[in-house]
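Structure first, then comments.
As the structure lists them, so they are numbered: ligands from 1, and atoms in each ligand from 1. As a basis for the values below, the full set of heavy atoms in this structure was taken, side chains included, without hydrogen atoms, waters or symmetry mates.
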Amino acid sequence: MTPSHNGKLFIETVGCQMNMLDSELVVGALRKDGYSLTDDIREADTVLFNTCSVREHAEHKIYSALGRLKYSKLSRPNQVIGVLGCMAQKDQELVFQRAPHVDMVVGTGQLAEVPKLIDAARERRERSLAVSLDRKEGSRAEVSDSFQSYDPLREPEMRPTPHQAFVRIMIGCDKFCTYCVVPMTRGPEQSRPPKDILHEVKVLADQGVKEVTLLGQTVNSYKVKQDGKLFRLSDLLELIHDVEGILRLKFVTNFPKDMTDDLLQAVRDLPKCSQYLHVPAQSGCNEMLKRMKRGYTIEDYREMFGRIRSTMPGASVSSDFIVGFCGETDEAHQKSLDLIRECRFKNSFIFKYSPRPGTKANELLLDDVPEEVKRQRNQEMLALQNQISAEDNAAFIGRQVEILVEGPSKSEVKRGDSGAVGGPVQLTGRTLCDRIVVFDGNPRLAGSMTTVSVEDCTPTTLIGSIVTQQIQHGSSPLLPILA
Ligand code: SAH
Ligand code: SF4
Ligand code: F3S
């Protein structure tokens, strides 16, 4: 097929891994049509924003970027500006009102239409709004139908990370936590058929992918009815585990209530599964959990956490927390800190509560914790989590860990003691329990497993050196791995 465009494309992506995957797929489709990517917004004739609505800050960032493009079309009359993703679905017409120079607003369920809509905008100066139904605008089936999962197969040369890939296993969310926009922006929960997922993983493995991360807003709620039987995430992991070439399997994000024993046992027993679970608690206080409508108590969370520990003592667990949710007292906040001390999460993502239009909390509860208090609680929680992460990472010093090498590290990590790690190429990789490791090595190691001896750490990173293979007793000398 001859590409029909030779235009330059700029895309900015905010939000979660789901959005990163969506952007990768949209960019892949456009590159197939002949577009080339640019980092310089000023030279782009197609400018796309893949947006997030989870907190006000994420939306603000995009509206500011759009504001800066207000006069850009005066010098580039052919320019097309598109707003994609969650904020497109949430704000719809409002995007055009706030930024009249936008040509297209495309929700999470219409991403397959992006190339066609760009053409319509450029050739006929047609403005388009392509979004799904609101959750109350039709029956469940109708609303679900209006959110189409976008999962085209990827071309190997268009993959941004050759050895790692996200694979969507479900879209949407039905939990309706009171603070959260995702059930509106991503629609009803829908799981993809296992055979489609297996096929996608096989294709990716053939393209050289070594690590697959399965994505879902509540990934462990995955379920498909097959021949009258329920097919769950544990079944899916088993199904794709033996795909040749894949070395690691991960999945995010888990919902505490759906962390069933069959899943924990699958993660324990399948050797390629990362011994890592991201299971957000959100708060350590029952009153807050109830107001958030999370559907579990802190006792339930502890019970679940206990099952993770007893099934997989070496696994690491991470969490998300919201500080300053409606009515959060100092005592409630202390309970969240207590939970962090007790569970010793590998890391926690901590967010200040941000009221979101269209959510129950925004409608019914008062955002009564002052910004300054939210800020203090955020800092206090972060300091505690960092202290725990640093202590637990320090326990790795002196040990050898087996890691999957990801590639050159994006930012140089310094040793605590003796300055820079030194050497020309710093690589990163992850242990089976998802700890980040940096070390010096040959970039060709990317995508392979290697052993690193840990010598130092920061709260987020282990720092070490590649272990050259020992001369085996009674066998001929082996070349060092770093030859
Ligand atoms: N589906 C995932 C997370 C979705 S959003 C899950 O349920 O765990 C990612 C994180 O953003 C949430 O875990 C929550 O901690 C945070 N978040 C969501 N809505 C928020 C809001 N209105 N204000 C602040 N943080 C929010
Ligand atoms: Fe949002 Fe709750 Fe669904 Fe997570 S489970 S996406 S926090 S509604
Ligand atoms: Fe944001 Fe949408 Fe993800 S709201 S967090 S980009 S699902």
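- Not close to ligand 1: Phe255, with no non-hydrogen atom less than 4.0 angstrom away.
- Note on atom 3 (Fe) of ligand 2: protein N/O/S atoms under 2.8 Å are Cys173 SG.
- Within a radius of less than 2.8 Å around atom 2 (Fe) of ligand 3, the protein N, O or S atoms are Cys86 SG.
- The single protein non-hydrogen atom nearest to atom 14 (C) of ligand 1 is Gln282 OE1, 3.4 Å, given as residue, atom name and distance.
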Check against salt bridge (charged side-chain N to carboxylate O under 4.0 Å, His left out), Lys73 and Asp45: CA-CA 9 Å; Lys73 276 193 196 153; Asp45 38 33; over 6 Å; no

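- In Tyr179, the parts holding a heavy atom less than 4.0 Å from any atom of ligand 1 are both the side chain and the backbone.
- The contact set between ligand 1 and Arg356, taken as ligand atoms under 4.0 Å from a residue heavy atom, comprises 22 (N).
- Look at Met87 and you'll find every heavy atom at least 4.0 Å from all atoms of ligand 3.
- The existence of a salt bridge linking Arg294 and Asp300 is excluded, since no basic side-chain nitrogen approaches an acidic carboxylate oxygen closer than 4.0 Å.
- Here the protein heavy atom with the shortest distance to atom 7 (S) of ligand 2 is Tyr179 OH, 3.3 Å.
- By the neighbour-count criterion of 12 heavy atoms within 6.0 Å, atom CZ of Arg42 is sparsely surrounded, having that number or fewer from other residues, nucleotides or ligands.
- Stacking of Arg186 on the aromatic ring of Phe147 is not recorded, the 6.0 Å distance cut-off and the 45° axial limit not both being met.
- Geometrically, Lys374 does not engage Tyr353 in a cation-pi contact defined by less than 6.0 Å to the ring centre and at most 45° from the axis.
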Full working for salt bridge (charged side-chain N to carboxylate O under 4.0 Å, His left out) between Asp392 and Lys346: CA-CA 8 Å; Asp392 289 356; Lys346 176 179 73 104; over 6 Å; no

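- Ranking the protein heavy atoms by distance from atom 17 (N) of ligand 1 puts Arg55 NH1, 3.4 Å first.
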Verdict with reasoning, Glu157 to Arg31, per salt bridge (charged side-chain N to carboxylate O under 4.0 Å, His left out): CA-CA 10 Å; Glu157 67 276 14; Arg31 282 177 57 181; over 6 Å; no

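- Annotation for ligand 1: atoms under 4.0 Å from non-hydrogen atoms of Pro280 are 8 (O).
- Ion pairing of Glu372 with Arg375 is present here, as a side-chain N (NZ or NE/NH1/NH2) and a carboxylate O approach within less than 4.0 Å.
- In this structure, Arg127 satisfies the cation-pi test against Phe96, with its NZ or CZ atom closer than 6.0 Å to the six-membered ring centre and inside 45 degrees of the ring normal.
- Within ligand 3, the atoms closer than 4.0 Å to a non-hydrogen atom of Gln217 are 7 (S), numbered from 1 in the order shown.
- Annotation: cation-pi pair Lys225/Phe231 absent, no NZ/CZ under 6.0 Å from the ring centroid and within 45° of its normal.
- Taking the six-membered ring where the residue is Trp, the centroids of Phe349 and His278 are separated by under 6.0 Å.
- At least one heavy atom of Arg294 sits closer than 4.0 Å to an atom of ligand 2.
- Judged by the 6.0 Å distance and 45° axis criteria, Arg291 is not positioned over the aromatic ring of Phe325.
- Ranking the protein heavy atoms by distance from atom 24 (C) of ligand 1 puts Lys352 O, 3.3 Å first.
- Partner of Pro194 under the side-chain contact (heavy atoms from CB on, under 4.5 Å) criterion, out of Ile169, Asp235, Leu236: Leu236 alone.
- You'll find the side chain of Gln282 reaches within 4.5 Å of the side chain of Asp320, heavy atoms only.
- Applying the 6.0 Å contact sphere to NZ of Lys175 captures more than 12 heavy atoms from other residues, nucleotides or ligands.
- Heavy atoms of other residues, nucleotides or ligands lying less than 6.0 angstrom from CD of Glu56 number 12 at most.
- Of all protein heavy atoms, the one closest to atom 23 (N) of ligand 1 is Ser354 N, 3.0 Å.
- The side-chain heavy atoms of Met87 and Cys52, taken from C-beta on, include no pair separated by under 4.5 Å.
- Taking atom 1 (N) of ligand 1 as the reference point, the nearest protein heavy-atom neighbour is Gln217 O, 2.7 Å.
- Given atom 9 (C) of ligand 1, the protein heavy atom at minimum distance is Asp320 OD2, 3.9 Å.
- Under 4.0 Å from ligand 1, heavy atoms of Val54 appear from its side chain as well as its backbone.
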